[in-house]
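Below: the structure, in structure tokens.
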There are 2 protein chains.
Amino acid sequence: METELCKVDEALSILVGKWKPIILLHLFNRGTLRFSELKRLMPDITQKMLTKQLRELEEEDIINRVVYPQVPPKVEYSISDYGRSLQPVLDVMHEWGSTHTQHMQEKKS
Amino acid sequence: METELCKVDEALSILVGKWKPIILLHLFNRGTLRFSELKRLMPDITQKMLTKQLRELEEEDIINRVVYPQVPPKVEYSISDYGRSLQPVLDVMHEWGSTHTQHMQEKKS
DNA sequence: CCGGATCCCCGCGGATACTG
DNA sequence: CAGTATCCGCGGGGATCCGG
């Protein structure tokens, strides 16, 4: 097996998920955010999905989840130190995606 | 809508597909390859899936597909000029994926 | 040699309602 | 406020067989 050297799939396994990139974008931009703040930033996501995507990112050590034991509940999310290593990856993908959008528009004309 | 500026999903839409990264890796490494050669390099993929993934990559202008009208058939695949713009993206993802593999191993210990 | 056509399974993601 | 619990549709991906 030589082709097991393709580690692109490892990166994909972290990033794939309908809302993960946008969640990471918000956390990178704004630092720490509460659950309800994230929800407000993404009106179309359901609570279930937001919870699920956050849990998966937490499981991979990409984000921190801090629960404040109080009433009403308060939970804050932020990019972990390890998660910050994803920054260049997201940057490159975002940049390529932008040019790709252009490429597709030119294709139509 | 400010968050429509997240173009990471555009890149993902091209790369997501169980066999796409590995297919691209082979084509980047070896240049032009026939269908049967790709199949041989990926013993576990079915013909149907190989065909499908290649068609999708072709649809996005990432790869070239050249058919030689002869018997027996001969079809060659290669990275398109536009597809080469993906190189840095794949590089960064591959690199991050490698360190991530390490990260997971340390986690177990 | 290079596919297309069919059938099937499974997990992602959405809708909705309920709780401490 | 920040989640569970349940139900369900859809599409990705595999197995298998057929065709030029």
Set of residues satisfying salt bridge (Lys or Arg N to Asp or Glu O under 4.0 Å) with respect to [X], sequence neighbours excluded:
X     : result
A/K52 : none
B/E56 : B/K20
A/E76 : A/K74
B/D91 : none

Practice task
Please work out if B/E56 contacts a base, only the sugar-phosphate, or nothing of the nucleic acid, heavy-atom cut-off 4.0 Å.
Solution key: nothing

Mind checking what makes side-chain contact (heavy atoms from CB on, under 4.5 Å) contact with [X], not counting sequence neighbours?
X     : answer
B/T99 : B/W96
A/S13 : none
B/T46 : B/K48, B/M49
B/V71 : none

Handout entry: B/S98 OG to B/Q102 CD distance, which is reported to the nearest 0.5 Å
Key = 8.5 Å

Exercise for the section: Determine yes or no for a side-chain-to-main-chain donor-acceptor pair under 3.5 angstrom, with B/E58 supplying the side chain and B/R65 the backbone. Expected result: no

Completion exercise
Within residues 8-20 of chain B, those residues having any heavy atom closer than 4.0 Å to DNA chain D are B/G17, B/K18, B/W19

Handout entry: Difference in axis direction between the ends of the helix from C/dC1-D/dG20 to C/dG20-D/dC1, five pairs, 10°
Key = 40°

Completion exercise
Connected to A/Y68, directly or through other members, by ILVMFWY side-chain contacts below 4.5 Å are A/V66

For [X] and [N], what is the distance between atoms [atom1] and [atom2] respectively, to the nearest whole Å?
X     : N      : atom1 : atom2 : answer
B/Q53 : C/dC2  : CD    : P     : 18 Å
A/M49 : C/dG11 : CE    : P     : 15 Å
A/I45 : C/dG14 : CD1   : C1'   : 11 Å
B/L50 : C/dG4  : CG    : C1'   : 14 Å

Which pairs, protein N/O on one side and nucleotides 2-5 of chain D N/O on the other, fall under 3.5 Å?
residue : atom : partner : partner atom : Å
D/dA2   : OP1  : A/R34   : NE           : 3.0
D/dA2   : OP1  : A/R34   : NH2          : 3.1
D/dA2   : OP1  : A/V75   : N            : 3.3
D/dA2   : OP2  : A/S36   : N            : 2.7
D/dA2   : OP2  : A/S36   : OG           : 2.8
D/dG3   : OP1  : A/R55   : NH2          : 3.2
D/dG3   : OP1  : A/R65   : NH2          : 2.4
D/dG3   : OP2  : A/Y77   : OH           : 2.6
D/dG3   : O3'  : A/R55   : NH2          : 3.4
D/dG3   : N7   : A/Q47   : OE1          : 2.3
D/dG3   : O6   : A/Q47   : OE1          : 3.1
D/dT4   : OP1  : A/R55   : NH2          : 3.0

